[in-house]
Amino acid sequence: QAQLVESGGGLVQLGGSLRLSCAASGFYLREYPIAWFRQAPGKEREAVLCVSRIDDTTDVGNRHYLDSVEGRFTVSRDSAKNTVYLQMDSLKPEDTAVYYCATKFGLLYPTCSGAESDYGTWGQGTQVTVSS
């Protein structure tokens, strides 16, 4: 059974950093795009970043879906640990949200996209709170 588990959330001050982890079990994470979404209180869930599957030559690197995080958030993958990381720097109070990782497990040649409905496998989420 394909599962994702996030960890690493917490409380951080303005300008601080956090690294979130998304650990996969039941499948090889490198074979699928892994997206990070977030949901702030009272708001809809929104796509933040996505890293494409390792053999996707049409979409290399990180794809950002939010202008506000470009230059501050990056995604990396450790295939040996079957884990994707979201490095968040220069955090702002508006980054406060529950962060989720998601993937398109089971699809053939899946690619990154920003629509929540495109992803069928989700983690449980991890809370990130940035204080001013």
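Judged purely by atom type and a 3.5 angstrom limit, Thr103 has no side-chain atom pairing as donor or acceptor with the backbone of Ile34. At least one donor-acceptor pair closer than 3.5 Å links the side chain of Glu6 to the backbone N or O of Gly125. For Lys104 (side chain) and Tyr32 (main-chain N/O), no donor-acceptor pair under 3.5 Å exists by modelled atom type. In terms of modelled atom types and a separation under 3.5 Å, the side chain of Tyr119 and the main chain of Ser113 share a donor-acceptor contact. Within the 3.5 Å criterion, the main-chain N or O of Ser52 finds a donor-acceptor partner in the side chain of Arg77.
Cluster annotation: Tyr85 is not connected to Leu49 through the hydrophobic network of ILVMFWY side chains, with a link wherever side-chain heavy atoms come within less than 4.5 Å. Val48 and Phe37 are members of different hydrophobic clusters when ILVMFWY side chains are connected at heavy-atom separations under 4.5 Å. Both Val69 and Val128 are assigned to one and the same hydrophobic cluster, defined by single-linkage of ILVMFWY side chains at heavy-atom distances under 4.5 Å.
Gln13 contributes atom CD, which lies 11.5 Å from atom CG of Leu91 (distance to the nearest 0.5 angstrom). Between atom CZ of residue Arg63 and atom OG1 of residue Thr111 there is a gap of 7.0 Å, rounded to the nearest 0.5 Å. Rounded to the nearest 0.5 Å, atoms CG (Leu86) and OG1 (Thr74) are 7.5 Å apart.
Nearest approach of Ser79 to Arg30, heavy atoms of both residues: OG-CB, 3.7 Å. In this structure, Leu14 and Lys92 approach most closely via the heavy-atom pair CD1-CA, 3.9 Å. Closest heavy-atom contact between Ala24 and Leu29: CB-CD1, 3.5 Å. When every heavy atom of Pro33 is checked against every heavy atom of Pro110, the shortest pair comes out as CD-CG, 3.5 Å. In this structure, Phe27 and Ala2 approach most closely via the heavy-atom pair CD2-CB, 3.6 Å. The shortest non-hydrogen separation linking Leu20 to Gly9 is CD2-N, 3.6 Å.
Annotation: side chain of Glu46 is in contact with side chain of Leu66 (closest heavy-atom distance under 4.5 Å). With contacts defined as side-chain heavy-atom distances shorter than 4.5 Å, the pair Leu11/Ser131 qualifies. Within the 4.5 Å cutoff, the side chain of Gln87 has heavy atoms near those of the Arg19 side chain.
Other residues, nucleotides and ligands place no more than 12 heavy atoms under 6.0 Å from the CD atom of Gln1.
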### Message
Pair Arg38, Thr96 - check side chain to side chain contact (heavy atoms under 4.5 Å, CB included), show working.
### Response
CA-CA 9 Å; Arg38 70 185 185 185; Thr96 295; over 6 Å; no
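For an aromatic pair to be called close, the ring centres must be under 6.0 Å apart, and Phe73 with Trp36 fails this.
The aromatic rings of Tyr100 and Trp122 stand perpendicular to each other, their planes meeting at an angle above 60°, with 30° marking the opposite boundary.
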